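Each chain gets a letter, A, B and so on, in the order its sequence line appears, and its residues count up from 1. What you are looking at is a predicted structure, and each value in this text was computed from that prediction instead of being measured.
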2 protein chains.
Amino acid sequence: MSYTYKYPHYSVTVDCVVFALDMVEDELRILLIRRGEEPYKGMWALPGGFVQPDESLHCAAERELGEETGVRNIFLEQLYTYGEPDRDPRERVLSVAYYALVDINAYELHASSDADDAAWFSLSDLPELAFDHSEMIKCANGRLQGKIEYQPIGFELLPGKFTLRQLQKLYEIILNKTLDKRNFRKKILKMEILDELDEIEKDVTHRAARLYSFNKTRYEEKVKSGLYFEI
Amino acid sequence: MSYTYKYPHYSVTVDCVVFALDMVEDELRILLIRRGEEPYKGMWALPGGFVQPDESLHCAAERELGEETGVRNIFLEQLYTYGEPDRDPRERVLSVAYYALVDINAYELHASSDADDAAWFSLSDLPELAFDHSEMIKCANGRLQGKIEYQPIGFELLPGKFTLRQLQKLYEIILNKTLDKRNFRKKILKMEILDELDEIEKDVTHRAARLYSFNKTRYEEKVKSGLYFEI
DNA sequence: TCAAAAGTGTTGAGCGTACACCCATGC
DNA sequence: GCATGGGTGTACGCTCAACACTTTTGA
């Protein structure tokens, strides 16, 4: 197959910065794949690939992520578009970067498509990456830190049922600072956007904490009547 | 000239949502051009055009804006990339949207290039626009409203020397709510990021107000030592 | 009974908010 | 001298920050 055009055209890829939370090591993790093809063959990179003619950018990001890693149905938002003329050694390729938030336990990684391997890496201990993918991760992390304080996106990183301690730890990890337990609880509970469940956590070696779930409908109602989410 | 590729490639344009402030009518204005070519010939649209092979996206936005309207050297930031397969009737065209902030008095508009005309329109009274440009403006306005509260970008819409009243009005127009004069002054002056000049405004029919200027260096120092800009 | 984390209340300080009057200037 | 906006101070309430102890559970 070949395409001919009158004016300059460029390849377009999508790349995904997928965040997850490691509650054991208290750190953010990023999903990387090992490249199965040139250029940068064998190197770690963000999952992504070429945008097909009939799919939107968002769909392309969802598709590539699913194909290369098995991760599906997640929070996915456009981040930034990288278009330096020489960012790809082959020819000019634009990349529309997305970032995603997932519950790390909800997926079993399946490397496939043109990725040899897929794995979670600590944000603070990343390997050398292909293309300008390091820059994308830096940008995505900045966006996450900024947005998590005024939008309830943190819940995307937790299972549907979670403890307040887990939620607090999430903020502590992402914002990289400690929070006062009592003040944190007061603040988040006063918003009345969490449902207190009749369940407690299991398999813990100490007193089990109550489980909560995020009530998105209630949140949206509250926003309409003036709630300003903020941590 | 013609280009041939092995895989699907797309045209890429940049489009700019240029904001300015009309302090007389108390409203935001947007810079539009009248299209001189098909498709949508004769219709109003955002200034923009195709990205050339050797220029970055940012440079392309700056160039197109300069060519089509005469506006140069301004605050310009990437907004969002639009890539629905059918957003352009000719063929698939991606558009990387930028938004810009300018002092409306600093430029004389020069229509040229492939624009028949360039003019400022009130945000609340826009004509029908080509492509998905209405959506871009809506997105840019949301970004502006969000960002102006926690980043000192509002100054880009004012001349270098301005009165506190002008600055307050700027926030009132963009956020679409009234602010208390005394509280606004206290808040902004306490940040110590404005230089109080030994000058007052001219040609006013009442007591002239003192002029101030934004001290960017001081602002950056203060940010390092913990200032969190917020209106 | 010990260890580990859950869960809870109070106080003080600083900040945001609301509000009214005098001042300087041009006409 | 009057109209117009410039410029200022204070008091109150609320929110945020700081802080320590009791409770529950499993091992």
Side-chain angles (χ1 to χ4, degrees), chain A residues 21 23-26 148-150 158-159 161-173 175-213 222 225-231, chain B residues 21 23-26 148-150 158-159 161-173 175-213 222 225-231:
Chain A
L21 220 44
M23 287 279 187
V24 179
E25 299 291 328
D26 282 6
I148 205 164
E149 290 200 78
Y150 69 93
L158 295 175
K161 300 171 180 181
F162 51 85
T163 67
L164 294 184
R165 161 71 64 179
Q166 286 176 310
L167 187 60
Q168 180 181 342
K169 218 171 185 181
L170 180 161
Y171 278 95
E172 290 180 333
I173 292 171
L175 299 177
N176 198 28
K177 66 180 180 191
T178 59
L179 300 171
D180 181 273
K181 180 167 62 156
R182 286 158 289 195
N183 295 335
F184 179 81
R185 284 164 170 261
K186 261 179 290 182
K187 198 172 205 170
I188 195 84
L189 289 176
K190 203 176 53 175
M191 294 188 209
E192 296 180 301
I193 57 173
L194 297 187
D195 288 339
E196 183 176 321
L197 304 178
D198 288 328
E199 267 182 88
I200 54 174
E201 58 181 340
K202 284 172 184 161
D203 303 322
V204 287
T205 157
H206 52 270
R207 176 174 174 184
R210 179 173 293 278
L211 293 173
Y212 291 81
S213 65
K222 292 245 165 196
S225 46
L227 172 72
Y228 186 62
F229 181 93
E230 194 167 19
I231 294 295
Chain B
L21 220 44
M23 286 280 188
V24 179
E25 299 292 327
D26 282 6
I148 205 164
E149 290 200 78
Y150 68 94
L158 294 175
K161 300 170 180 182
F162 50 85
T163 67
L164 294 184
R165 160 71 63 177
Q166 286 176 311
L167 187 60
Q168 179 181 341
K169 217 170 185 182
L170 180 161
Y171 279 94
E172 290 180 332
I173 291 172
L175 299 176
N176 198 27
K177 66 180 180 192
T178 58
L179 300 172
D180 181 273
K181 179 168 61 159
R182 285 157 290 196
N183 296 335
F184 179 82
R185 283 165 171 262
K186 260 181 291 182
K187 198 172 205 170
I188 196 84
L189 289 176
K190 202 177 52 176
M191 294 187 208
E192 296 180 301
I193 56 173
L194 297 187
D195 288 339
E196 183 176 322
L197 304 178
D198 287 328
E199 268 182 87
I200 54 173
E201 58 180 342
K202 285 172 184 161
D203 303 322
V204 286
T205 156
H206 51 272
R207 176 176 174 184
R210 179 173 294 277
L211 292 174
Y212 292 80
S213 65
K222 293 246 163 193
S225 48
L227 171 72
Y228 186 61
F229 180 93
E230 195 169 17
I231 294 295

Whole-Å distance between D:dG6 P and B:Phe162 CZ? 15 Å
Tell me the interatomic distance from A:Ile200, atom CD1, to C:dA5, atom P, rounded to whole angstroms. 16 Å
Counting C-beta onward and ignoring hydrogens, is there a side-chain heavy-atom pair between A:Lys222 and A:Glu192 closer than 4.5 Å? yes
Please report how far the helix from C:dT1-D:dA27 to C:dC27-D:dG1 bends, comparing the axis fitted to its first five pairs with the axis fitted to its last five, to the nearest 10 degrees. 0°
Derivation and outcome, side-chain contact (heavy atoms from CB on, under 4.5 Å), residues A:Lys181 and A:Arg165: CA-CA 8 Å; A:Lys181 180 167 62 156; A:Arg165 161 71 64 179; 3.7 Å; yes
Grab the NZ-P distance between B:Lys169 and D:dT4 for me, whole Å please. 15 Å
Rounding to an integer number of Å, can you tell me how far B:Glu196 CD sits from D:dG6 P? 15 Å
Rounding to an integer number of Å, can you tell me how far B:Asp203 CG sits from D:dG5 C1'? 16 Å
CG (B:Asp180) and CD (B:Gln168) are apart, to the nearest 0.5 Å, by 7.5 Å
Criterion side chain to side chain contact (heavy atoms under 4.5 Å, CB included) against A:Tyr212, the qualifying member of A:Leu164, A:Leu197, A:Ile193, A:Thr163: A:Leu164
Between A:Met23 and A:Leu158, is a side-chain contact (heavy atoms from CB on, under 4.5 Å) present by the stated rule, with each step listed? CA-CA 10 Å; A:Met23 287 279 187; A:Leu158 295 175; 3.6 Å; yes
Just how far, in rounded Å, is P of C:dA6 from OH of A:Tyr212? 11 Å
Tell me, with the steps shown, if A:Ile148 and A:Ile231 meet side-chain contact (heavy atoms from CB on, under 4.5 Å). CA-CA 8 Å; A:Ile148 205 164; A:Ile231 294 295; over 6 Å; no
Neighbours of DNA chain D within residues 177-189 of chain A, by heavy-atom distance under 4.0 Å: A:Asp180, A:Arg182, A:Asn183, A:Lys186
May I ask you to verify if any side-chain N or O of B:Arg210 is less than 4.0 angstrom from the OP1 or OP2 atom of D:dG6? no
When rounded to whole Å, the CD to C1' distance for the pair A:Glu230 and D:dC14 reads 15 Å
Could you report the tightest heavy-atom contact between A:Leu175 and A:Glu149, atom names first, then the distance? CD2-CG, 3.9 Å
Nearest-nucleotide comparison on DNA chain C, the residue closer to the 5′ end among A:Glu201 and B:Ala208: A:Glu201
Is there a donor and acceptor pair, one atom on the side chain of B:Arg207 and one on the base of D:dT4, closer than 3.5 Å? no
What's the verdict on side-chain contact (heavy atoms from CB on, under 4.5 Å) for B:Glu196 and B:Arg210, showing C-alpha distance, side-chain angles and the deciding distance? CA-CA 8 Å; B:Glu196 183 176 322; B:Arg210 179 173 294 277; 3.1 Å; yes
If you assign each of B:Lys190 and B:His206 to its closest nucleotide in DNA chain C, which residue comes earlier from the 5' end? B:Lys190
Which atom of A:His206 lies closest to which atom of A:Glu201, heavy atoms considered: NE2-OE2, 4.3 Å
